[in-house]
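What follows is a set of notes on a single structure, which appears directly below.
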Amino acid sequence: MKKDNFNQKCLNKLHLIPKGMVTTYFEIANSLNSKGYRAVGNAMANNPHPITTPCHRVVRSDGTIGEYSYSSGIKTKIKLLKEEGLLIQNNKIINFKSKLFKFNSTS
DNA sequence: AGTCGAGCGCGCA
DNA sequence: TGCGCGCTCGACT
């Protein structure tokens, strides 16, 4: 299905994120040359492989965790991010800006 | 500074 | 066929 292009691209981008780093839906959507920020989040929610797809490394533009539908919810997402070396407090990433990973979009 | 609405792309009813 | 969603930004108040 070619319609998976967007969806697949979003997931593919996640694989580019190194461990200990995070990105935002905005960066992904922007990297895809699209304005479907919501579509990106939706792609994560409907990702075909939530395990192979580090969707937990994707957070909101404010550094907040946002939501998570995979395991126990945000709890697991935070835990995973913490395990990756990120500082999270009150469901929000502390050094988010320092760990924010950006894609090579015509830098 | 805070609140509201619009916009994207796919999935499901 | 139509609406909602793991969102974001811009504009108005």
Side-chain angles (χ1 to χ4, degrees):
Chain A
M1 299 292 243
K2 282 143 191 158
K3 62 180 166 92
D4 286 317
N5 188 344
F6 191 90
N7 184 314
Q8 184 64 16
K9 277 205 170 191
C10 295
L11 306 175
N12 189 39
K13 289 278 176 186
L14 304 183
H15 289 217
L16 305 178
I17 307 171
K19 188 183 173 190
M21 296 276 287
V22 289
T23 192
T24 68
Y25 297 99
F26 170 66
E27 285 295 326
I28 296 173
N30 191 28
S31 186
L32 295 176
N33 223 358
S34 295
K35 261 192 84 180
Y37 312 114
R38 290 220 306 217
V40 177
N42 214 20
M44 304 295 112
N46 282 283
N47 61 43
H49 301 287
I51 314 229
T52 49
T53 309
C55 34
H56 60 270
R57 285 185 192 159
V58 188
V59 295
R60 291 190 79 202
S61 66
D62 301 275
T64 29
I65 304 302
E67 294 267 317
Y68 200 60
S69 313
Y70 177 45
S71 200
S72 305
I74 322 178
K75 236 173 72 77
T76 304
K77 188 165 180 175
I78 294 170
K79 190 158 65 177
L80 286 167
L81 291 169
K82 276 187 164 184
E83 290 292 294
E84 302 234 325
L86 292 164
L87 302 177
I88 302 174
Q89 191 167 96
N90 196 15
N91 294 2
K92 180 164 175 176
I93 300 178
I94 306 302
N95 56 346
F96 158 67
K97 283 187 180 173
S98 305
K99 299 290 188 178
L100 178 58
F101 173 78
K102 295 195 173 176
F103 302 98
N104 301 348
S105 57
T106 61
S107 179

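Below, chains carry the letters A, B, ... as their sequence lines are ordered, and counting in each starts from 1. Please read all numbers here as calculations on a predicted model, not as lab measurements.
- We find that CD of A/Gln8 is positioned 11 Å from P of B/dG11, with the value rounded to whole Å.
- Looking at residues 37-47 of chain A, you'll see A/Tyr37, A/Arg38, A/Ala39, A/Asn42, A/Asn46 sit with a heavy atom under 4.0 Å from some atom of DNA chain B.
- Applying the 4.0 Å criterion to OP1 and OP2 of C/dC9, one finds that A/Ser61 has a side-chain N or O inside that range.
- Of the C1' atoms belonging to C/dC3 and B/dA6, the separation is 15 Å, rounded to the nearest Å.
- Whole-Å rounding puts the A/Phe6 CZ to B/dC8 C1' distance at 7 Å.
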Writing each nucleotide of DNA chain B 5' to 3' as (, ), [, ], | or . by Watson-Crick or G-U pairing under 3.5 Å yields |||||||.|||||
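- A continuous path of ILVMFWY side-chain contacts below 4.5 Å connects A/Met21 to A/Val40, so both sit in one hydrophobic cluster.
- One distance of note links CG of A/Asn47 with OG1 of A/Thr53; it measures 5.0 Å at 0.5 Å rounding.
- Two residues are said to be in side-chain contact when any heavy atoms from C-beta on lie closer than 4.5 Å; A/His56 and A/Glu84 meet this criterion.
- Cluster membership for A/Leu11 and A/Ile28, using ILVMFWY side-chain heavy atoms within less than 4.5 angstrom, is shared.
- In terms of hydrophobic clustering, with Ile, Leu, Val, Met, Phe, Trp and Tyr side chains grouped at heavy-atom distances under 4.5 Å, A/Leu100 and A/Phe26 are assigned to different clusters.
- A/Ser69 comes within contact range of at least one nucleobase, with a heavy-atom separation under 4.0 Å.
- Side-chain atoms of A/Asn12 do not come within 3.5 Å of backbone N or O of A/Gln8 as any donor-acceptor pair.
- Hydrophobic clustering (ILVMFWY, side-chain heavy atoms < 4.5 Å, transitive): A/Val58 and A/Phe96 are in distinct clusters.
- B/dC10 atom C1' lies 18 Å from atom NZ of A/Lys35, rounded to whole Å.
- To the nearest angstrom, C1' of C/dC9 lies 11 Å from CG of A/Asp62.
- Distance CG (A/Asn33) to C1' (B/dC8): 13 Å, rounded to an integer number of Å.
- Look at CG on A/Asn5: it is 12 Å from P on B/dG11, rounded to the nearest Å.
- In this structure, A/Ile78 is a member of the same hydrophobic cluster as A/Ile93, with clusters built from ILVMFWY side-chain heavy atoms closer than 4.5 Å.
- Contact annotation: A/Arg60 reaches the phosphate of C/dT8 (side-chain N/O to OP1 or OP2, under 4.0 Å).
- Atom CD1 of A/Ile28 and atom C1' of B/dC10 are 15 Å apart (whole Å).
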Check against side-chain hydrogen bond (donor to acceptor under 3.5 Å, both in side chains), A/Lys13 and A/Ser31:
CA-CA 9 Å; A/Lys13 289 278 176 186; A/Ser31 186; 2.7 Å; yes
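- The CG-C1' distance, from A/Asn7 to B/dC12, rounds to 14 Å in whole Å.
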